Engineer: 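Below is a structure I'd like to ask you about.
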Amino acid sequence: MSADATSVPRTSRVNPNAVLAIVAVAQFMVILDASVVNVALPTIKVDLGFSEQSLSWILNAYTLIFGGFLLLGGRLADRLGRRRLFVTGIAVFATASLICGVAQSEGMLLVARGLQGLGGALVSPAALSIILTTFAEGSERNRALAVWGAISGAGGAIGLLLGGAIVEALSWRWVFFINVPIGAAVLVLAPRIVPESRAKSTAASGYDAGGAVTITLGTMALVFTLIKGNDWGWTSGRTLAGFAASALLLVTFVLIERRHEDPLIPLRIFTNPSVAASNATLLVVVAALFGMFFFCTLYLQQVLGYNALKTGVAYLPLSLSLILASGLASRLADRFTPKPVLVAGLLVATGGFVLLAGVTGHGDYASHVLPAMLVLGLGFGFVFVPITIAATTGVAAGDSGLVSGLVNTTQQVGGSLGLAILASVSTSRISDALGGGAPLPDALTHGFKGAFTVGAVLCGAGVVLAMTLLPGRPRKAEDEHVETLSMAFVRCPGAPYCGHLARLVAVGRRVRAAAGR
């Protein structure tokens, strides 16, 4: 076995389907939490006395810690063991969920939400690496990815539906308590079912503490600045200082990695053209996707007057079409290379955004939103299976957690960046329309249409990037034990957008209040 190979027990006791089931259940728990918490925000605000401004930090605390620790969590999975990091992350997440459920103050809840983010950052890079060291590369692995993506797609919609039911029938505390028995079951079963694997060449090596500190702080600074940019103003001193601090930390990180004998993140990973091109494409695609969830949710609730439960039902067609398309995409990726499937999916998704841009202030769901959701679900279902394969092609087994963390971080940064851009466009157009005397529903719709148009442009940019940068044929593996690794999106097609939704809803409320005056 080569120096970079990963030690994976291959015994008759390893049941690949059981492994897939365990990690899928854990993933479903994380997805469910992201969607359910968003529904519970208004009740939490009243019970714990959150202000409108601080309420968004119930979501942002998770987003900030999760995004900051993804790369570190991915590399630790390679070094310490993927099952070990997976189990540790589940334990942290479930414990933090229990603390959230019993929280009696604003501070206690926010600290616990940060701990949930840390648990998620340990689970996400390890979970799909476990799947992809269990299933053989090719058709078998692609089918597992399709199942994984389908479960993730269903989890987002079920979370919205379940959240409304839980809050109405029980209380907001149960949106956190529900994670505890699920986490406990995973903790009992995972050591018995999931095989351990790690990169042998790094297991006993010296630890790159400087790289770990600078990449974590640098990523957190970037995510925090993107979260606060709309509130501060994009040319304000605080925003510019945040970007400067992030850039300084990331440059320092690169310098450390170039000199360290055993770097936390070997820079050679970026010389793989498939990895680099796929991450660049994913950045703009995720920006468009999260914008769609944001502004479509606001359109349904603020223009059409839907409540949270009805909004969840409205997303079911998108989730179902995404599930069906994911299964078909895995078969097409087997027959063709990932590139044409990805490009076709991006073209379809672009068409879905064009349909959404046709909504009106006096429209209805069936004629304006439903067709767009069906097309978008089909398009994104065709996107995320092939982009996962392409983003992880030709990577050595010992770098599985690293690339998993990299793709997850690309998703987090892309979502934050896209929402910041789309929110600025939407807010500006709403203000202009209100200033021109437009009724509030028309003004809101005018802003949301601008966001959907930018989403179409971003998807179009993804088409160009995929066609020009992505290799047509898979790169040969760096050693004979190659893995295609985990992707960012499969946590949930809409989960990370929850980290910003409260701020956008607050903006909508302020616009309504201003219009009322």
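Quick caveat, the model's predicted, so the values are computed rather than measured. Atoms considered below: every heavy atom in the structure, side chains included; atoms not considered: hydrogens, waters and symmetry mates.
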Engineer: Look up atom CG in Leu370 and atom CG in Leu316, then write down how far apart they are to the nearest 0.5 Å.
Structural biologist: 11.0 Å
Engineer: Apply the side chain to side chain contact (heavy atoms under 4.5 Å, CB included) test between Lys449 and each candidate in Leu356, Leu444, Val359, Val454; give the one that qualifies.
Structural biologist: Val359
Engineer: So, the side chain of Arg113 versus the backbone of Tyr62: is there a donor-acceptor pair under 3.5 Å, distance only?
Structural biologist: no
Engineer: Short question: side chain of Lys339, backbone of Pro471 - any donor-acceptor pair under 3.5 Å?
Structural biologist: no
Engineer: With under 30° as parallel and over 60° as perpendicular, where do the rings of Tyr306 and Tyr365 fit, or are they tilted in between?
Structural biologist: tilted
Engineer: Applying side chain to side chain contact (heavy atoms under 4.5 Å, CB included) between Ser274 and each of Leu470, Asn279, Leu469, report the one that passes.
Structural biologist: Leu470
Engineer: Determine whether Phe28 and Ile182 satisfy the following criterion, side chain to side chain contact (heavy atoms under 4.5 Å, CB included), listing intermediate values before the conclusion.
Structural biologist: CA-CA 10 Å; Phe28 186 80; Ile182 299 175; 5.5 Å; no
Engineer: What's the shortest heavy-atom distance between Phe382 and Gly345, and which atoms?
Structural biologist: CB-CA, 3.6 Å
Engineer: Just by modelled atom types, is the Thr297 backbone N or O under 3.5 Å from a matching donor or acceptor in the Tyr315 side chain?
Structural biologist: yes
Engineer: Scan residues 216-225 for pairs that pass side-chain hydrogen bond (donor to acceptor under 3.5 Å, both in side chains), counting only residues two or more places apart or in two chains.
Structural biologist: none
Engineer: Grab the two heavy atoms, one from Leu458 and one from Ala287, that are nearest each other, plus how far apart they are.
Structural biologist: CD1-CB, 3.9 Å
Engineer: Would you say Ser321's side chain and Pro317's backbone share a donor-acceptor pair under 3.5 angstrom?
Structural biologist: yes
Engineer: At what distance, to the nearest 0.5 angstrom, does OG1 of Thr360 lie from CG of Asp442?
Structural biologist: 8.0 Å
Engineer: Taking side chain to side chain contact (heavy atoms under 4.5 Å, CB included) as the criterion, tell me which of Val425, Ile430, Asp432 meets it with Ser428.
Structural biologist: Asp432
Engineer: Using every non-hydrogen atom in the two residues, find where Leu346 and Ala466 come nearest and quote the distance to one decimal.
Structural biologist: CD1-CB, 4.3 Å
Engineer: Between CG of Leu85 and CD1 of Ile90, what distance do you get to the nearest 0.5 Å?
Structural biologist: 11.5 Å
Engineer: Is there a donor-acceptor contact under 3.5 Å from the side chain of Tyr299 to the main chain of Phe448?
Structural biologist: no
Engineer: Please enumerate all residues that pass side chain to side chain donor-acceptor pair (under 3.5 Å) together with Thr239, with sequence neighbours excluded.
Structural biologist: Ser236
Engineer: Quick one: does any side-chain atom of Arg429 pair with a main-chain N or O of His446 as donor and acceptor, under 3.5 Å?
Structural biologist: yes
Engineer: Does a sphere of radius 6.0 Å around CE in Met220 hold more than 12 heavy atoms from other residues, nucleotides or ligands, not counting ones at 6.0 Å or beyond?
Structural biologist: yes
Engineer: Check step by step if ring pair (Phe, Tyr, Trp, His ring centres under 6.0 Å) holds for Trp232 and Phe224.
Structural biologist: CA-CA 12 Å; Trp232 290 344; Phe224 179 76; 5.6 Å; yes
